[in-house]
There are 2 protein chains.
Amino acid sequence: MTKKLAKSAISQKRILDAAARIFRDYGYAGTTMRAIADEADLKPGSIYYHYKSKDDLISAVLDIGIRAVTDSVGKALRALPDTATGRDRIEAAIRAHLSAIIEVGDYTLATRRALGQVPEAIRARNTRMRDTYGSIWQEILSDAHQRGEFRTTANLKLARLFILGALNWTVEWFKPGGRSIDDVAREFAAIVLDGLSGRVEPVGLAEELPPPAKPKRASARVRAA
Amino acid sequence: MTKKLAKSAISQKRILDAAARIFRDYGYAGTTMRAIADEADLKPGSIYYHYKSKDDLISAVLDIGIRAVTDSVGKALRALPDTATGRDRIEAAIRAHLSAIIEVGDYTLATRRALGQVPEAIRARNTRMRDTYGSIWQEILSDAHQRGEFRTTANLKLARLFILGALNWTVEWFKPGGRSIDDVAREFAAIVLDGLSGRVEPVGLAEELPPPAKPKRASARVRAA
DNA sequence: TCCAAAACCTAACACTAGTTAGAAAATGGG
DNA sequence: CCCATTTTCTAACTAGTGTTAGGTTTTGGA
């Protein structure tokens, strides 16, 4: 019984992975059931035993992408100690977001390529999931703001859009084997928090001019991670 | 003679605009010559009098998008006085970039949707144009860095990718009639330069106020999300 | 008004798409 | 080994694709 189901599950996964790769390369309309079947080492008709339509497939691919990010960030935030500052949370969220979209890169890239062409009903569902994720960031930022860690003029809504835009774009240029995700996350967090001209020293040394602000320090554990 | 050519030019523009809208909504493969013809109030066959293939059309659309941004930013930079600081140049470039991608929104959105599915030769050409644009930003940033306006640890390559990612993403959420482009540009520049926690006042003087933050304990709200 | 050039349309061809019904093969407990 | 169940394949249908050849209409200077 369990074995029988396993066989089917394996095929499903193989088809799903293949679909993500093809959708990523050719978009929604550009993707052929025949191409997916080819990539998954199957005949086109066989896909329909596991997924009842092309829409069913793209829908599954889209969900995996956004869910991976949401879960990754949620887990990273929960793993932080209660003493974590807003800065700590932002850094952790950035790192988790980047890790996730790189990890399931085929799925997130497929989403970026295909989401705009997908039938309305499917897109609507996925957009709701993305909005939910956005609200997590809204809370992270407004929490840090309320702690007094941001300048008073900061526009949180715009900041969120700015940050998520930059993060989502990363899949376009990030190549495994080059810079590490941690490095990228650290630098992104530095820009977001201190800017390019920031007086707050990003990593280590802390001399020059009197400490501009208290909450600049971050738990070394997080940074090292 | 001039009138005759004008008629053709008008039709070309109408077809081009229609193509941009359809490509934006359905991507490259999802776009039908019949759909473009419909949008442009023409019969499908007539398009071929002006453009010799679907590839010819998408190619024109892609070029317009990136060229509008390059020209807009180039012009804005040249319009600055010699006394302009690195900060001035960055702000101006951000504003010009945003203005351009909003102005020709259909074309830039079409690019984002279709570029990944387009035939290799066409994409390669467009990618070269985009790299050229990227090098403009590289110069802006390295110029500001050499003037000593950035912290020494700033990673310019990552910063450029971060900034361009955030800017390019703007077309996804920016809706005319809401926030003004100037407001968005100002806030984006503030984040890039001073960060969210930046103590430096947007205008210029570096005057650090007393520590505004006494970490008041993590709000459980965030973690609960 | 006339008429060549420009602009557009009609109708079709060759091809590929998603999907399906039914046959064939693989699987695994008895 | 047997056979019911699960899984895969074969072969096809319908609909829609980019593109084109050739005819029709529109245009604007003489």
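Convention: sequence-line order gives letters A, B, ...; per-chain numbering from 1. In what follows, every heavy atom counts, from backbone to side chain, and hydrogens, waters and symmetry copies are set aside.
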By a strict heavy-atom criterion of less than 4.0 Å, which residues belonging to residues 113-126 of chain A are in contact with DNA chain D?
-> none
Pair pattern of DNA chain C in dot-bracket, where unpaired bases get dots and | marks partners in another strand, Watson-Crick or G-U under 3.5 angstrom | ||||||||||||||||||||||||||||||
Here the pair of heavy atoms bringing Q117(A) nearest to R123(A) is N-NH1, 4.2 Å
Given dT8(D), is OP1 or OP2 found less than 4.0 Å from the side-chain N or O atoms of S11(A)?
-> yes
Respond yes when some side-chain nitrogen or oxygen of Y49(A) is under 4.0 Å from OP1 or OP2 of dT7(D), and no when none is.
-> yes
Nearest-nucleotide 5' precedence on DNA chain D, G45(A) against Y28(B) = G45(A)
Residues in salt bridge (Lys or Arg N to Asp or Glu O under 4.0 Å) with D41(B), at least two apart?
-> none
Q146(B) meets the side chain to side chain contact (heavy atoms under 4.5 Å, CB included) criterion, sequence neighbours left out, with S142(B)
Between CG of L42(B) and C1' of dA6(C) the distance, given in whole Å, is 14 Å
Do any side-chain nitrogens or oxygens of H50(A) fall under 4.0 Å of OP1 or OP2 in dT6(D)?
-> no
Could I get a table of every N or O pair under 3.5 Å where one atom is in the protein and the other is in nucleotides 14-17 of chain D?
{"unit_1": "dT17(D)", "atom_1": "OP1", "unit_2": "T32(B)", "atom_2": "OG1", "d": "2.9"}

Against the side chain of Y48(A), the closest entry in dA6(C), dC9(D), dG18(C) is dG18(C)
Between dT7(D) (P) and I47(A) (CD1): distance, integer Å | 16 Å
Between atom CG in D56(A) and atom C1' in dT19(C), what is the gap in whole Å?
-> 14 Å
Which residue pairs satisfy the ring-ring contact (aromatic ring centres under 6.0 Å, His included) criterion with at least one member in residues 155-196 of chain B, sequence neighbours excluded?
-> F162(A)-F162(B), F162(A)-F188(B), F188(A)-F162(B)
Out of dA7(C), dC9(C), dC9(D), which has the shortest distance to the side chain of S46(B)?
-> dC9(C)
Counting side-chain heavy atoms from CB outward, which of dC8(C), dT19(C), dC9(D) is closest to S53(A)?
-> dT19(C)
Between I10(A) (CD1) and dA26(C) (P), how many Å, whole number?
-> 17 Å
Within 6.0 Å of OH in Y51(A), more than 12 heavy atoms from elsewhere = yes
Scan for salt bridge (Lys or Arg N to Asp or Glu O under 4.0 Å) pairs involving residues 18-27 of chain B, sequence neighbours excluded, and state none if there are none.
-> R21(B)-E39(B), R24(B)-D106(B)
Salt bridge (Lys or Arg N to Asp or Glu O under 4.0 Å) against D38(A), all qualifying residues, sequence neighbours excluded = none
Roughly how many Å is it from OH in Y51(B) to P in dA7(C), rounded to a whole number?
-> 13 Å
Among all residues two or more places apart in sequence or in another chain, which pass the side-chain hydrogen bond (donor to acceptor under 3.5 Å, both in side chains) test with D88(B)?
-> T85(B)
Round to a whole Å and report the spacing from CG of D38(B) to P of dC8(C).
-> 15 Å
Run the side-chain donor-acceptor check on residues 58-70 of chain A: report pairs under 3.5 Å with partners two or more places apart or on a different chain.
{"unit_1": "D63(A)", "atom_1": "OD1", "unit_2": "R125(A)", "atom_2": "NH2", "d": "3.2"}
{"unit_1": "D63(A)", "atom_1": "OD2", "unit_2": "R125(A)", "atom_2": "NH2", "d": "2.1"}
{"unit_1": "T70(A)", "atom_1": "OG1", "unit_2": "I66(A)", "atom_2": "O", "d": "2.9"}

Is there any salt bridge (Lys or Arg N to Asp or Glu O under 4.0 Å) pair reaching into residues 156-180 of chain A, and which pairs are they, with sequence neighbours excluded?
-> R112(A)-E172(A), R113(A)-E172(A)
Residue list, side-chain hydrogen bond (donor to acceptor under 3.5 Å, both in side chains) with K13(B), at least two apart or on another chain = D17(B)
Whole angstrom value for the distance that separates P of dT19(D) from CG of D55(B) = 7 Å
Regarding K54(A) and the six-membered ring of F23(A), is the cationic atom NZ or CZ under 6.0 Å from the ring centre and inside 45° of its axis?
-> no
